[in-house]
Number of protein chains: 2
Amino acid sequence: MADTNTRDEEESVTRVRTLADLAKIAGVSPGTASRALAGNSLVNTKTREKIEAIAREHGFRPNQIASKLRRQKTGVIGVAIPLGHDVRQQISDTFFMTLLGYLADELTEKGYDLMLRRVIPAQDEDWLDRFIGSGMVDGVIVIGQSDQFERIEDVADGYLPMVVWGNHQEGQRHCVVGSDNRLGGKLAAERLIASGAKNLAFLGDTQPIEFAARFAGAKEVAGKLGVPIRALTTHLSPDRAGEEIAKHLQQIEGRVDGIFAATDTIAVTCLKELRERGIEVPRQLKVVGFDDLPISSQTAPPLTTVRQDIAAGAKGLVDLLLRRLGGEDTESLVLPPHLVVRETA
Amino acid sequence: MADTNTRDEEESVTRVRTLADLAKIAGVSPGTASRALAGNSLVNTKTREKIEAIAREHGFRPNQIASKLRRQKTGVIGVAIPLGHDVRQQISDTFFMTLLGYLADELTEKGYDLMLRRVIPAQDEDWLDRFIGSGMVDGVIVIGQSDQFERIEDVADGYLPMVVWGNHQEGQRHCVVGSDNRLGGKLAAERLIASGAKNLAFLGDTQPIEFAARFAGAKEVAGKLGVPIRALTTHLSPDRAGEEIAKHLQQIEGRVDGIFAATDTIAVTCLKELRERGIEVPRQLKVVGFDDLPISSQTAPPLTTVRQDIAAGAKGLVDLLLRRLGGEDTESLVLPPHLVVRETA
DNA sequence: CGCAAAATTGCAATCGTTTGCAATTTTGCT
DNA sequence: AGCAAAATTGCAAACGATTGCAATTTTGCG
């Protein structure tokens, strides 16, 4: 962006870098040039067309940084993905990237740019304040609460234009869009038990709020029906999950006949591991996942899973955010999960 | 961002919005406050610590928009995903999102922010000039050439800090990082034929340059070995691909015994369709994909595919871009694809 | 104590656009 | 022709930080 031309050279060359340059060529003031390019009705049609033609000829575009500063509006929404509990998790986690994709489409449609930031709270405590305080974004969407619930609550107290993808809890202060994870857990457990499972295992990390809620829902249903259920810690990063699942299956072989995976990614990895061990799904062991990613209909056998409506989630995040940008204090939006029965349970 | 407080209220409240506000409380000039927060050695240690403490106390952070304007540097890299040939393709296409994820990690590590823009060239011819001319980004990474080769060439002539994920062609002017698609196509055809296939089909859209190169490579090998190969147009969008593949399979049943899918996503959809028709892979029909996405090891049977090193691709894109930001005119980087033999061929 | 050098801090121009209000020009009517 | 109203355009402050250079203060030595 820095221009090495001296001032004198700049006066004489035809290169147009600023509105002031353009205005000089057009024989108007910079203010008129600015109004002309903005299509401001104050400017005479002939004058405006002349200025537009010169701008086209020189490939000139007004500097958006300067415009944002003057107008006090950036037109950019920040999307932060905190990786708190599992720093080995890549931003390329399938569910988050799918949601990000829908978010990008939704924001583009609303005329906003999307600025993506992956943050590691263990390395940068002030990741959210830093994003907000930078002044670079008009509002923030956080994808996943991770282990940052309190920090998000604190920031939400003083910053209205923020919405979080995650789990809504009674009494919380920040605005959330997310599935009813607890209900989803119930649906999963109900399905497993209805399919004949008598001993359940939950594969997931119960530290993150939303996974904890999924386990809690499953546990509640299992408890009511007198079916034992255990939680086997399984992390999201694929390399780690593979090893952990292998170990878990070794321990529980013959003792568990129903698995509730906290995510489809974990479920798919589990299916692969079961297949390698010659364990037949669902005859010998039933499996239910969570998310209903595109991959889930394509596994063999196709995965029974709890569907989150990701497109609706993205749309909800953007809709609520724009309302909050307009000054409204919106309630959280809890999306109902649905059981998608395929062939693994 | 606009503050409704009157000037007088602003003087009296302790809210600190600007460096000028902070400076006033600290009893120094705004310049000194700016230098203090930047850790500038010109500022006395005691003075700096006092200013830092007041900033912390008030949760103050310097406005990055103003800083960027003055310093003529944004610290943001623009990532554009043009969807030229298939406007129904979602930004959430698996390969692009996977690449995006790696890019985000790579850029974050280098201290840059990532601004994501999905563009539809049919609706906005000047999508690239507009991104660059906005002044919001220090450089641009384009993911996929789509049908925009000429436009990218034209822009590259006058804009150094741009790198494109795509196919490198002899004599082209813009800097590309991408796999040798032609070689990849050769590997795929070789594998199919070595596995006994005698009649090949290519499932993909041959309009995009990189897919055309994949088909060309396969065609070359098939031609040399006297094996017929046909191209069956299959688009990337999942809903469209499903229908097209179903129709193609109906047409070619019994006449084709080897399928080369332009992408893993197409291959996976194809596998599902074959399974539903009771066609055994690889005994009755062999399949090779392209990309080696995580899903490919998890299909049943696991997919034989041509692997693109996405992590290396992301790293290459960022490395070349930073070099070009530094003024260097780099050559394209062509990554060698590798055949990953699993069970579908 | 006086003075020169070093250190520290202040001033204000700068980045480039936007926009309220004043100045100028144009237009239309008597 | 003169004049008032309307239209158009210019001026310059503003957005908020950065930074070159000048002003001021501090320090140390003879």
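So you know, we letter chains A, B, ... as the sequences are listed, proteins then strands, and number each from 1. Predicted, not measured: the structure shown is a model, and the values here were computed from it.
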Go through the N and O atoms of the side chain of A/Arg35 and the base of C/dG20, and report whether any donor-acceptor pair is under 3.5 Å.
yes
Ignoring hydrogens and angles, are the base of C/dT17 and the side chain of A/Arg70 linked by a donor-acceptor pair under 3.5 Å?
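Side chain to base: no pair below 3.5 Å.
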To the nearest Å, how far apart are [X] [atom1] and [N] [atom2]?
X       : N      : atom1 : atom2 : result
B/Lys73 : D/dT19 : NZ    : C1'   : 17 Å
B/Leu19 : D/dT19 : CG    : P     : 12 Å
B/Gln64 : D/dT18 : CD    : C1'   : 12 Å
B/Leu22 : D/dT18 : CG    : P     : 12 Å
B/Asn40 : D/dT19 : CG    : C1'   : 9 Å
A/Leu37 : C/dT19 : CG    : P     : 13 Å
A/Asp21 : C/dG16 : CG    : C1'   : 10 Å
B/Lys24 : C/dG10 : NZ    : C1'   : 15 Å

Between atom CH2 of A/Trp165 and atom CG of A/Leu103, what is the distance when rounded to the nearest 0.5 Å?
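Rounded to the nearest 0.5 Å, the CH2-CG separation comes out at 9.5 Å.
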Of B/Arg48 and B/Leu69, whose closest DNA chain C nucleotide lies nearer the 5' terminus?
B/Arg48
Both B/Asn44 and B/Arg71 contact DNA chain C. Which one's nearest nucleotide lies toward the 5' end?
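With B/Asn44 and B/Arg71 compared, the 5'-side residue is B/Asn44.
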side-chain N/O [X] vs [N] OP1/OP2, d < 4.0 Å:
X       : N      : result
B/Gln72 : D/dT18 : no
B/Thr18 : D/dC15 : no
A/Ser29 : D/dT9  : no
B/Ser67 : D/dA17 : no

So, B/Thr108 versus A/Arg118: side-chain donor-acceptor pair below 3.5 Å or not?
no
Salt-bridge test for A/Asp157 and A/Arg173: reply yes if a basic N is under 4.0 Å from a carboxylate O, no otherwise.
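So A/Asp157 pairs with A/Arg173 through a salt bridge.
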Is A/Ser34 touching bases, backbone alone, or none of the nucleic acid, heavy atoms closer than 4.0 Å?
base
Hey, does the side chain of B/Gln148 reach the backbone of B/Pro82 with a donor-acceptor pair shorter than 3.5 angstrom?
no
Please confirm whether the backbone N or O of B/Thr18 pairs with a side-chain atom of B/Asp21, one donor and one acceptor, at under 3.5 Å?
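Judged by distance alone, yes, a pair lies under 3.5 Å.
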Between B/Leu42 and B/Arg61, the residue closer to the 5' end of DNA chain D by nearest nucleotide is B/Arg61
